[in-house]
Undergrad: 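Starting off with a structure, shown below.
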Amino acid sequence: MKEKMVSIIIPVYNSELSISKSLDSVFMQDVLEKEIICIDDGSTDSSIDIIRDYQKNHPEIVLLQQENMGAGAARNKGLKYASGRYVSFLDSDDEYYDSLALKNMINAAVKTGLHICAGVCMNEKGGKITELSQFAYLDASFNQDGIAEVSFFDYQQDYAYVGYIYERDFLVKNQLFFPNYRRYQDPPFLARVLLSAKKIAVTGDRLYLVHEHTGYIKRSFLQVCDNLRGIRDNIVLACDNKLQILCQNSVDRLDNGFFGMVKTSIEDGNIEAVKLVIDIQSVLENSPNGEKKKLKLYNWIEERLVGAGLSGECRYIFPFDHIVYNSKIILYGAGLVGREMKAVIGYTQYCEIVHWVDKRFEEDSLKDLGVVSPDVIRNSKVQIVLVAVERSELYEEIKNNLIEEYDLNEDCIVGPIKKRMEANNKDSNSI
């Protein structure tokens, strides 16, 4: 049996209105040795029936089925089943640009011997077709065949994954699969693939036509969080590999394109999104290669959101910059400031309070809150004590007592707590 040159992987979910057009563009391709793998992701419409009708005349169509797990999981299922030398991913509401689209990509990949080949993606919106231009600013030198060999470090783009064909063995052997996210699974996949390949072939040929849908779509909490997880993945990858363009692009996308979506979701009660934004900020600040500026969403959370779920307005600023995300702390102080810090931690789930302590722990009102004696610090292995007081002189008194009585290192004591109206006052006490 002749080797299949390309496997076309199509995740399908409730695509009865568009799948026929997508499949027709596949059969228009001037490539004989191809297999078409449709993965139904738990559709509840007639998508499967349409695909089965196509199978009657096109035995090269394979239909796989799974419970609804998302497009990333569906593509992974198709990739593991595929047998072609190359794979191409087609969304069930898009199509190939013309009959030579795949043939041109395959020829370029074969001539260069590279694992990945990229073409041009076109975008259709409201009947108008424009070029996505992911390589528009790249100063590439094309040879007589119209092919350029490009290093990923020179452009570091992570979008339009459908504008590429991939050598199947290269993906499988290097375990380059899509993360199991409901949204934003494509950019982390593409960034990892291109980084692993190091160099790719680029042609000026048009490969793919994206049909962009208009109108507002409200995302679920899970979808919003998966967007954030995908961005976090690429920021971590960028910081670990000194990919400054990728890092900046990811930050810009979060600050601009996703700001409204994430903000609305958090206002609706998406606490996990709060934790993810804080985590992303922590990655940026703790990496020597990260962007040092504050995320717009992080600033918004710090300035407004931490008070949104509390009784009354949030008057004090939680010291996010000085407490590592997900760490275990002792909260010292059960007055007004301490109670607000307790509420902020409970609301954001930013860190875990192991003990809440106060010298007045014997008062009935504090006992009811679970406040205990500071003496628990003596035998505690917790590395951070957050002293929840506003006045600098009181903070210094408590800090000195903690150092002398409990032999604590000054570096593990955090405070005093700034009042919100003093946040932008350069002369106020810094934490």
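Count residues from 1 along the sequence.
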Undergrad: Starting at CG of Leu171, measure out to CZ of Phe178 and round the result to the nearest 0.5 Å.
TA: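 Going from CG on Leu171 over to CZ on Phe178, the span is 8.5 Å.
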
Undergrad: Do we see a donor-acceptor contact under 3.5 Å between the side chains of Glu35 and Ser83?
TA: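 Distance-only check passes for Glu35 and Ser83.
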
Undergrad: Any Lys/Arg nitrogen of Asp186 or Arg75 sitting under 4.0 Å from an Asp/Glu carboxylate oxygen of the other?
TA: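 Answer for the salt bridge query: yes.
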
Undergrad: Can a donor-acceptor pair be found, under 3.5 Å and without considering hydrogens, that links the side chain of Gln55 to the backbone of Ile61?
TA: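 Pair found, side chain donor or acceptor close to backbone of Ile61.
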
Undergrad: Return the minimal non-hydrogen interatomic distance between Val371 and Val357, and the atom names on each side.
TA: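 The answer is CG1-C, 3.8 Å.
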
Undergrad: Could you tell me which non-hydrogen atom of Gly84 sits nearest to which non-hydrogen atom of Ser7, and how far apart they are?
TA: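 Of all heavy-atom pairs spanning Gly84 and Ser7, the closest is N-OG, 2.8 Å.
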
Undergrad: On a heavy-atom basis, which atom in Ala82 and which in Ile37 lie closest, and how many Å separate them?
TA: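 Nearest heavy atoms, Ala82 then Ile37: CA-CD1, 3.6 Å.
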
Undergrad: Is Arg183 reaching over with its side chain to a backbone N or O of Asn227, donor-acceptor style, under 3.5 angstrom?
TA: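 Checked: no pair found.
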
Undergrad: So, do Ile10 and Ser22 sit near enough that their side-chain heavy atoms are less than 4.5 Å apart?
TA: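 Side-chain contact under 4.5 Å: no.
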
Undergrad: Going by an N to O cut-off under 4.0 Å, is there a salt bridge joining Asp24 and Lys21?
TA: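 Judged by the 4.0 Å cut-off on N to carboxylate O distance, Asp24 and Lys21 do not form a salt bridge.
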
Undergrad: Test Asp233 against Tyr184 for side-chain contact (heavy atoms from CB on, under 4.5 Å), laying out the working first.
TA: CA-CA 10 Å; Asp233 288 352; Tyr184 211 83; over 6 Å; no

Undergrad: Without swapping roles, check the side chain of Tyr350 against the backbone of Tyr325 for a donor-acceptor pair under 3.5 Å.
TA: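 Looks like yes, one N/O pair under 3.5 Å.
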
Undergrad: Is there a side-chain contact (heavy atoms from CB on, under 4.5 Å) between Leu331 and Met341 once you walk through the steps?
TA: CA-CA 8 Å; Leu331 177 61; Met341 293 300 101; 4.1 Å; yes

Undergrad: The test is side-chain contact (heavy atoms from CB on, under 4.5 Å); show your working for Ile330 and Ser380 and say whether it passes.
TA: CA-CA 9 Å; Ile330 291 174; Ser380 177; 3.7 Å; yes

Undergrad: If you look at every heavy atom in Ile50 and Ser20, which pair is closest and at what distance?
TA: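 Distance-wise, the nearest heavy atoms are CG2-OG, 3.5 Å.
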
Undergrad: Nearest 0.5 Å, please: how far is CD1 in Ile323 from OG in Ser282?
TA: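 Result: 12.0 Å between the selected atoms.
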
Undergrad: Atom OG in Ser327, atom CD in Glu352: separation rounded to 0.5 Å?
TA: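 Answer rounded to 0.5 Å: 9.5 Å.
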
Undergrad: According to the interplanar angle, ranging from 0 to 90°, do the rings of Phe27 and Tyr54 count as parallel (below 30°), tilted (30 to 60°) or perpendicular (above 60°)?
TA: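 Phe27 and Tyr54: parallel rings.
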
Undergrad: Ignoring hydrogens and geometry, is there a side-chain-to-backbone donor-acceptor pair from Ser99 to Met28 under 3.5 Å?
TA: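 No; zero donor-acceptor contacts below 3.5 Å.
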
Undergrad: Pick out which of Tyr181, Phe177, Tyr166 makes a ring-ring contact (aromatic ring centres under 6.0 Å, His included) with Phe189.
TA: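 For Phe189, the ring-ring contact (aromatic ring centres under 6.0 Å, His included) check succeeds only for Tyr166.
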
Undergrad: Between the side chain of Asn104 and the main-chain N/O of Asp205, is any donor-acceptor distance below 3.5 Å?
TA: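 Judged by distance alone, no pair lies under 3.5 Å.
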
Undergrad: Stepwise, does the side-chain contact (heavy atoms from CB on, under 4.5 Å) test hold for Leu276 with Arg229?
TA: CA-CA 7 Å; Leu276 286 164; Arg229 291 184 182 101; 4.0 Å; yes

Undergrad: Checking Ser265 side chain against Met261 main chain: does a donor-acceptor pair fall under 3.5 Å?
TA: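 Here the side-chain-to-backbone pair does not exist.
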
Undergrad: Quick one: do Tyr13 and Asn68 satisfy side chain to side chain donor-acceptor pair (under 3.5 Å)? Show the steps, please.
TA: CA-CA 8 Å; Tyr13 179 72; Asn68 182 246; 4.7 Å; no

Undergrad: Quick check against the 3.5 Å criterion: does Ser151 have a side-chain atom that pairs as donor or acceptor with the backbone of Lys199?
TA: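 A pair under 3.5 Å: no.
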
Undergrad: Counting C-beta onward and ignoring hydrogens, is there a side-chain heavy-atom pair between Ile417 and Glu390 closer than 4.5 Å?
TA: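 When only atoms from C-beta onward are counted, Glu390 and Ile417 do not touch, as no gap falls below 4.5 Å.
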
Undergrad: Report the distance from atom NZ of Lys275 to atom CD1 of Ile280, rounding to the nearest 0.5 Å.
TA: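 Nearest 0.5 Å value for the NZ-CD1 distance: 13.5 Å.
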
Undergrad: Give, for atom CG of Leu228 and atom CG of Leu254, the distance between the pair rounded to the nearest 0.5 Å.
TA: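 The CG atom of Leu254 is 6.0 Å from CG of Leu228, to the nearest 0.5 Å.
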
Undergrad: Got a donor-acceptor contact below 3.5 angstrom from the Asn123 side chain to the Thr130 backbone?
TA: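 A pair under 3.5 Å: no.
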
Undergrad: Please check if atom NZ in Lys296 has more than 12 non-hydrogen atoms from other residues, nucleotides or ligands closer than 6.0 Å.
TA: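 Buried by this count: over 12 neighbours within 6.0 Å.
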
Undergrad: Quick check against the 3.5 Å criterion: does Gln281 have a side-chain atom that pairs as donor or acceptor with the backbone of Tyr298?
TA: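 The answer is no, because no donor-acceptor pair under 3.5 Å joins these two groups.
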
Undergrad: Checking the side chain of Asp94 only, and the main-chain atoms of His211 only, is there a donor and an acceptor separated by less than 3.5 Å?
TA: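 Yes, the answer is positive, given that a donor and an acceptor are paired below the 3.5 Å cut-off.
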
Undergrad: Would Asn180 and Gln185 count as having a side-chain donor-acceptor pair, cut-off 3.5 Å?
TA: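 Side-chain D/A pair, Asn180 to Gln185: absent.
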
Undergrad: Tell me, yes or no, whether the heavy-atom count around Lys399 atom NZ, taken from other residues, nucleotides or ligands under 6.0 Å, exceeds 12.
TA: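 Yes, because the 6.0 Å sphere around NZ of Lys399 holds more than 12 heavy atoms from other groups.
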
Undergrad: What's the separation between atom NZ in Lys111 and atom SG in Cys117, rounded to the nearest 0.5 Å?
TA: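 Spacing of NZ (Lys111) from SG (Cys117) equals 10.5 Å.
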
